[in-house]
Amino acid sequence: MTHPYFDGAPWPRVLAHRGLTIAEGEDPSHAVYDNSALAIAAAHACGVAYIETDCRRTADGDVVLFHDADLSRLFGDPRPVASVRTAELAALFAEHGGLLTLREALESFPTLRFNIDVKDATAAEAAGAAVSPHAHRVLLTSFSDATRRRAVAAAVDAGAEIAPAASPGRSGIARARALAALPGDRIAGRVLAGIDALQIPVRYGRVPVFSPTLVRAARAAGVEVHVWTINEAADMTALVAAGADGVVTDRADLALRVLAPS
């Protein structure tokens, strides 16, 4: 049965990678940062149904939208996110689009569907609790399958009417890739049990991941295939033509135009 996360949403799926930020010609001191409130609002305004985002826990235990393990890339500060108070992080984001907690993001954008990568294992339970009232429009994933399973379980334990949708981590992707080549759809069904979308790169290094065989196995198991992170129009169209159900992209505005149903 299809998860409500997909019901009534446009196909192919366009997942706005950390929102939408276009920095060309922008004053760096006031640039809109990825995963900020303005980045998500910009993606929403251009018409996306899906936001791909990330979450970590601050020193106060709040789960916030933030990708990196530390502040180096965005703020030139080597401190881990986990050591920074929420109020200080919010002050840093004030000129860059605004910080959102996971709970605030879900409440502020009630019509968007969120694809949430739980980056911090210690955030799994709190993230699941925040997601619980919105589980019908949330997909949870993590590079760690154990972290993703803990977050999904926490959402259910907190009273979610349905488990959030799920995508596997690295080990789950590796198993799916290895076993997809084996004959028989029942194997694919077992490997992808409890999974709603297989979200993958085209390749890891030189190792191909996306393939017609993997698409066939996912189809047999009733699982969608989303490919990340795809920013060129030609790549978007080629992947969908090859069987992908959607793309995770920094250029959601472009993807909506390129992949619009004819």
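Keep in mind that what you see is a predicted model, and the values were worked out from it rather than measured.
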Undergrad: Any side-chain heavy atom of V32 within less than 4.5 Å of one from T21?
TA: yes

Undergrad: Quick test of your reading of the model: are E125 and R57 salt-bridged, counting only N-O distances below 4.0 Å?
TA: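 No, no charged N to carboxylate O under 4.0 Å.
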
Undergrad: So do the side chains of V138 and N115 get within less than 4.5 Å of each other, counting heavy atoms only?
TA: no

Undergrad: Please round to the nearest 0.5 Å and tell me the distance separating atom CH2 of W228 and atom OG of S167.
TA: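 If I round to the nearest 0.5 Å, the distance is 10.0 Å.
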
Undergrad: Test: side-chain hydrogen bond (donor to acceptor under 3.5 Å, both in side chains). Region: residues 246-261. Which pairs qualify, not counting sequence neighbours?
TA: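 Sorted pair list: H17-D250, N231-T249, N231-D250, R251-D253.
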
Undergrad: Do V227 and L254 sit in the same hydrophobic cluster, where Ile, Leu, Val, Met, Phe, Trp and Tyr count as joined when their side-chain heavy atoms come under 4.5 Å apart?
TA: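 As far as the 4.5 Å side-chain criterion goes, L254 and V227 are connected within one cluster.
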
Undergrad: Any sub-3.5 Å donor-acceptor pair from E107's side-chain atoms to E104's backbone N or O?
TA: no

Undergrad: Less than 6.0 Å separating the ring centroids of Y50 and F114?
TA: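 Centroid distance Y50-F114: not below 6.0 Å, so no.
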
Undergrad: Keeping R113 on the side-chain end and A49 on the backbone end, is there a donor-acceptor pair under 3.5 Å?
TA: no

Undergrad: Could you tell me which non-hydrogen atom of G172 sits nearest to which non-hydrogen atom of D145, and how far apart they are?
TA: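 For G172 versus D145, the nearest heavy atoms are N-OD2, 2.9 Å.
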
Undergrad: Are V247 and V202 connected, step by step, through hydrophobic side chains (Ile, Leu, Val, Met, Phe, Trp, Tyr) whose heavy atoms are closer than 4.5 Å?
TA: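 Result: yes, single cluster for both.
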
Undergrad: Is there a path of hydrophobic side-chain contacts, each under 4.5 Å between heavy atoms of I, L, V, M, F, W or Y residues, that connects W11 with L15?
TA: yes

Undergrad: Which value, rounded to the nearest 0.5 Å, describes the distance between D196 atom CG and T2 atom OG1?
TA: 9.0 Å

Undergrad: Does any N or O in the side chain of Y204 come within less than 3.5 Å of the main-chain N or O of V209, such that one atom is a donor and the other an acceptor?
TA: no

Undergrad: Rounded at 0.5 Å granularity, tell me how far CZ in F210 sits from NE2 in H226.
TA: 11.5 Å

Undergrad: Can you name the closest pair of heavy atoms from V14 and A255 and give their distance?
TA: CG1-CB, 3.7 Å

Undergrad: Would you check if the side chain of R56 reaches a backbone N or O of H67 as a donor-acceptor pair within less than 3.5 Å?
TA: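 Checking the backbone N and O of H67 against the side chain of R56, a donor-acceptor pair under 3.5 Å is found.
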
Undergrad: Determine yes or no for a side-chain-to-main-chain donor-acceptor pair under 3.5 angstrom, with S142 supplying the side chain and K119 the backbone.
TA: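 No: the side chain of S142 does not pair with the backbone of K119.
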
Undergrad: Counting only N and O atoms by type, is there a donor-acceptor contact under 3.5 Å from the side chain of R13 to the main-chain atoms of E224?
TA: no

Undergrad: Less than 4.5 Å apart, side chain to side chain, heavy atoms only: is that true for H44 and T111?
TA: yes

Undergrad: May I ask you to decide if A234's main-chain N or O and T237's side chain share a donor-acceptor pair within less than 3.5 Å?
TA: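 Present.
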
Undergrad: Can you tell me if D117 and T141 form a side-chain donor-acceptor pair at under 3.5 Å?
TA: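 On atom types as modelled, these side chains do not qualify, holding no pair under 3.5 Å.
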
Undergrad: Taking NZ, NE, NH1 and NH2 as the nitrogens, is one of them in D54 or R18 under 4.0 Å from a carboxylate oxygen of the other?
TA: yes

Undergrad: If you take all heavy atoms of A121 and R150, which pair is closest and at what distance?
TA: O-NH2, 3.3 Å

Undergrad: Take D62 and T101 through the test side-chain hydrogen bond (donor to acceptor under 3.5 Å, both in side chains) and record every step on the way to the result.
TA: CA-CA 7 Å; D62 296 317; T101 67; over 6 Å; no

Undergrad: If you take all heavy atoms of A197 and P168, which pair is closest and at what distance?
TA: O-CD, 3.4 Å

Undergrad: Is it true that F75 and F93 have ring centroids separated by less than 6.0 Å?
TA: yes

Undergrad: Backbone N or O of L65 within a donor-acceptor pair of the N35 side chain at under 3.5 Å?
TA: no

Undergrad: For the backbone of A155 and the side chain of S132, can you confirm whether one donor and one acceptor N or O come within less than 3.5 Å of each other?
TA: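 Indeed, once roles are kept as given, a pair shorter than 3.5 Å links the two residues.
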
Undergrad: Counting neighbours of CZ on R203 that are heavy atoms of other residues, nucleotides or ligands and sit closer than 6.0 Å, is the number greater than 12?
TA: no

Undergrad: Can any side-chain N or O of T53 pair as donor or acceptor with the backbone N or O of I116 at less than 3.5 Å?
TA: no

Undergrad: What closest approach, in Å, do A218 and L192 show between heavy atoms, and which atom pair accounts for it?
TA: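 Heavy-atom minimum between the residues: CA-CD1, 4.0 Å.
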
Undergrad: Are any of the side-chain nitrogens in R85 or D60 under 4.0 Å away from the carboxylate oxygens of its partner?
TA: yes

Undergrad: Have a look at L100 and tell me which of I40, L106, V64 forms a side-chain contact (heavy atoms from CB on, under 4.5 Å) with it.
TA: I40

Undergrad: Restricting to non-hydrogen atoms, name the atom on D70 and the atom on R79 that form the minimum distance, rounded to 0.1 Å.
TA: CB-O, 3.1 Å

